[in-house]
Amino acid sequence: MFRVFRKEVEKCLEDFSDERFIRESEHADLTCTVAFKLAKEKRKKPADIAEEIVESISTELPDYVGSVEVVNGYINFYASMEFLEDAVNVILDEDEDYGSMTEQGNVLIEHTSANPDGPLHIGHLRNSIIGDTLSRIFKKAGFNVRTQYYTNDMGRQIALAVLGIRRFGLSDKKPDHAVAEAYIAINRLIEEDEKVAEQINQEADQIMLKYELGDEDVSLEFKNMVEKALEGIRQTLESLNIKHDEVIWESEFIRNGYVDMILKRIDEMGLLIKDGAWYIDLVSKGYEKNVVVRRENGTSLYITRDLAYHAWKNENFDRFINILGADHKLIGKQLSDILALLNLKPPEIVFFEFVSLPEGSMSTRKGKFISADELIEKVYQEAYEIIKEKDMPEEEKKRVARSVAVGALRFDFVRLAPEKSMTFDWKKALDFERQTASYIQYSHARACSILRKAVEKGMPDLEISGELCTQSEKDLILHLSKFTTVLERVIKELRPNVFADYVLDAAIKFNEFYRLHPVLKEESELRMHRLAIVDASRIVLRNGLRVLGIEPLEKM
RNA sequence: GGGCCCGUAGCCUAGCAUGGAUAAGGCGACGGCCUCCUAAGCCGUAGAUCGCGGGUUCAAAUCCCGCCGGGUCCGCCA
């Protein structure tokens with residue numbers, strides 16, 4: 001709805017300004033700074049120019065623009081009572097669908113894609129949560145979204161994990177953790193003894209070659225190991241409300257001919273140098289180094305399969321988005337540049353900076369990481385401690401603690417701008433006294449509680465009235481009306497943290513309203529008016545939480 | 001060495017795309033609020049050379065240049 005208001009303001013100003021100078025402001029519902037720009041060429045004071053503009057437009061303001069005024073050269077626009085009423089009524093009418101848009105197109109979001117050599121750790125979590133939140137946002141916007149986990153089933157790490165299991169077997173831990181044990185153990189051998197290391201690396205080369213050539217026994221071994229790890233990873237993701245539509249195995253692109261196809265295409269473009277190994281000639285394009293796409297022994301590399309994968313994405317999707325750690329920036333750029341040389345569309349890539357521990361960066365290989373499972377469990381325990389005291393059946397306490405924990409984790413990870421690195425802090429992760437997911441869930445529960453009591457008391461009627469709106473109510477309603485405006489921005493900029501902030505702000509503004517305005521003790525019209533605002537807030541908080549993959553609790 | 005990212009109160013962060021009105025929150029500190037719709041809440045106080053230096057501009061946290069500090073990448077690994 002806010003978009004309609006904005007369009008009207010733009011229309012008002014079309015003779016004087018373009019949309020660049022119109023922006024949101026803490027001082028007005030929308031403000032225009034064009035008078036400052038015009039001041040120089042017209043050789044007049046900004047305030048005078050602003051006055052002239054306002055004079056010429058204020059005779060017939062559109063329906064949703066209530067008033068215009070000039071303050072220090074700014075032209076300030078305020079929404080009308082009619083706008084406030086329509087905004088609330090649209091939210092109440094659309095209910096579950098409020099915030100949905102009508103964008104079209106097939107979108108692929110590839111996220112997580114962690115190597116299946118152990119459990120997800122808290123770094124992978126950042127990837128999963130950004131990816132899952134983006135996919136929910138794109139769905140809400142109307143896109144046809146598919147999510148994929150692209151799994152490396154044929155790299156060196158995977159071969160080492162297979163060899164680890166050969167040597168040490170698998171314990172009966174959760175399968176991804178069991179795989180990690182074997183993987184860490186074999187890496188320790190490699191670290192300890194150079195001779196052993198050389199032998200193991202040769203073995204790894206051999207089984208990688210066999211796997212690529214389709215040797216049956218080795219394939220079975222690889223497949224079993226990867227599936228074990230993926231099964232554990234799937235469980236972890238599920239507990240965070242994250243589910244991929246499908247898992248794509250890198251090896252598929254060897255078997256289905258896409259790798260050969262892409263190599264042929266590179267060759268036809270005259271970009272391939274065959275000198276033992278095969279290279280893509282990038283040096284002649286001004287790059288520092290060429291990229292190897294086929295080893296001397298004939299096997300493919302990660303980049304080769306990834307090129308093939310992206311050729312497939314080109315055939316099937318309008319937009320394809322990858323979520324990658326910042327350590328993939330170089331290879332991401334190489335991938336994109338090579339695709340461009342082949343006249344294929346490169347992916348849109350969301351890079352996020354590292355999650356590290358206070359004592360340094362994480363490493364699955366060295367066993368230096370905090371697993372997602374451990375984090376989830378500890379946060380759950382902490383949430384349970386708080387809810388233990390409440391008056392609620394035991395089963396419900398557990399359920400609430402679970403969703404508060406999941407919410408807290410998801411929110412903390414998604415809220416941070418992707419380009420910021422993150423140092424993990426147990427104290428912070430376990431603190432629910434902050435403005436975070438539980439704060440939003442709590443605000444939602446408060447709204448639900450008021451509405452529940454209204455029904456119990458036999459006064460469920462809602463009726464918004466623009467005239468009765470206080471400043472705090474106007475602020476709240478205006479914010480509620482911005483749902484799709486924010487969604488639009490996230491779709492363009494691929495920054496889901498912006499949406500997390502939007503939902504948090506909705507909770508903050510609702511709490512301010514809650515403090516200032518009693519609802520149930522008011523009489524008739526005022527009560528119905530405020531109940532309408534409570535219900536609209538409830539809907540926005542609920543829909544917002546769902547888009548963030550967080551359960552909107554009705555009691556907590 | 002080169003590329004990319006980050007640097008905003010004691011701590012964590014938003015704002016930077018598209019320059020504009022007293023730089024906005026949280027944690028922590030201090031002082032308050034439950035006969036009142038959920039205190040996982042709220043109110044108030046203290047706390048900022050927006051890393052440093054230059055430049056562009058009527059106007060810079062925001063744009064440009066240089067520097068400093070931290071992270072990360074530069075494999076016939078992924």
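A, B, ... follow the sequence lines: proteins, then strands. Residue 1 opens every chain.
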Spell out yes or no: do the side chain of A:Ser25 and the base of B:A21 have one donor N/O and one acceptor N/O closer than 3.5 Å?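 Check passes, donor-acceptor contact within cut-off.
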
Pull up the glycosidic torsion of B:C34 and say syn or anti, syn being anything within 90° of 0.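 You should classify B:C34 as syn.
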
[X]-[Y] side chain donor-acceptor pair, cut-off 3.5 Å:
X	Y	value
A:Tyr287	A:Gln334	no
A:Glu191	A:Asn187	no
A:His529	A:Glu473	yes

Applying side chain to side chain donor-acceptor pair (under 3.5 Å), which residue pairs with at least one partner in residues 502-511 of chain A are found, sequence neighbours left out?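 The answer is A:Tyr439-A:Asn511, A:Ser443-A:Asn511, A:Arg446-A:Asn511.
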
Applying side chain to side chain donor-acceptor pair (under 3.5 Å) as the test, list every pair that has at least one member in residues 289-301 of chain A; sequence neighbours left out.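 Matches after skipping sequence neighbours: A:Glu212-A:Ser300, A:Arg295-A:Thr299, A:Asn297-A:Thr299, A:Ser300-A:Arg305.
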
Determine the interatomic distance between [atom1] on [N] and the same-named atom on [M]; round to the nearest Å.
N	M	atom1	result
B:C65	B:A17	P	15 Å
B:C27	B:G66	P	41 Å
B:G19	B:G44	P	33 Å
B:A48	B:G1	C1'	36 Å

Can you check each nucleotide of nucleotides 24-38 of chain B against protein heavy atoms at under 4.0 Å and return B for base, S for sugar-phosphate only, - for none, in 5' to 3' order? -SSS--------SBB

Among B:C74, B:G15, B:A78, which is the nearest nucleotide to the side chain of A:Arg489?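 For the A:Arg489 side chain, the nearest candidate turns out to be B:G15.
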
For the side chain of A:Lys428, starting at C-beta, report the closest nucleotide among B:A21, B:C12, B:C77.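 Nearest to the side chain of A:Lys428 among the choices is B:C12.
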
Within this structure, what is the [atom1]-to-[atom2] distance between [X] and [N], rounded to whole angstrom?
X	N	atom1	atom2	result
A:Asp412	B:A40	CG	P	19 Å
A:Leu38	B:U57	CG	P	19 Å
A:Leu430	B:A40	CG	P	18 Å
A:Arg495	B:C5	CZ	P	13 Å
A:Leu324	B:C4	CG	C1'	14 Å

Assign [X] to base, sugar-phosphate, or nothing according to its heavy-atom contacts below 4.0 angstrom with the strands shown.
X	answer
A:Arg43	nothing
A:Lys457	nothing
A:Asp205	nothing

Give me the one residue out of A:Glu10, A:Glu19, A:Glu488 that meets salt bridge (Lys or Arg N to Asp or Glu O under 4.0 Å) with A:Arg3.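 Looking at A:Glu10, A:Glu19, A:Glu488, the match for A:Arg3 under the salt bridge (Lys or Arg N to Asp or Glu O under 4.0 Å) is A:Glu488.
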
Quick test of your reading of the model: are A:Lys555 and A:Glu396 salt-bridged, counting only N-O distances below 4.0 Å?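 So A:Lys555 does not pair with A:Glu396 through a salt bridge.
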
Below 4.0 angstrom, N of the basic side chain to O of the carboxylate: do A:Glu419 and A:Arg495 qualify?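 Answer for the salt bridge query: yes.
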
Partners of A:Lys313 by side chain to side chain donor-acceptor pair (under 3.5 Å), sequence neighbours excluded?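 A:Lys313 satisfies side chain to side chain donor-acceptor pair (under 3.5 Å) with A:Glu110, A:His310, A:Asn322 once adjacent residues are dropped.
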
Please determine which of A:Asp153, A:Asp117, A:Ile158 meets the side chain to side chain contact (heavy atoms under 4.5 Å, CB included) test together with A:Met225.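 Single pass found, and it is A:Ile158.
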
Could you run through RNA chain B and flag its stems, i.e. three or more consecutive Watson-Crick or G-U pairs with both distances under 3.5 Å?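 Consecutive-pair runs (3 or more) involving RNA chain B: B:1-7 with B:68-74, B:10-13 with B:24-27, B:29-33 with B:41-45, B:51-55 with B:63-67.
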
Contact residues, residues 346-355 of chain A to RNA chain B [heavy atom, < 4.0 Å]: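 Correct list: A:Glu353.
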
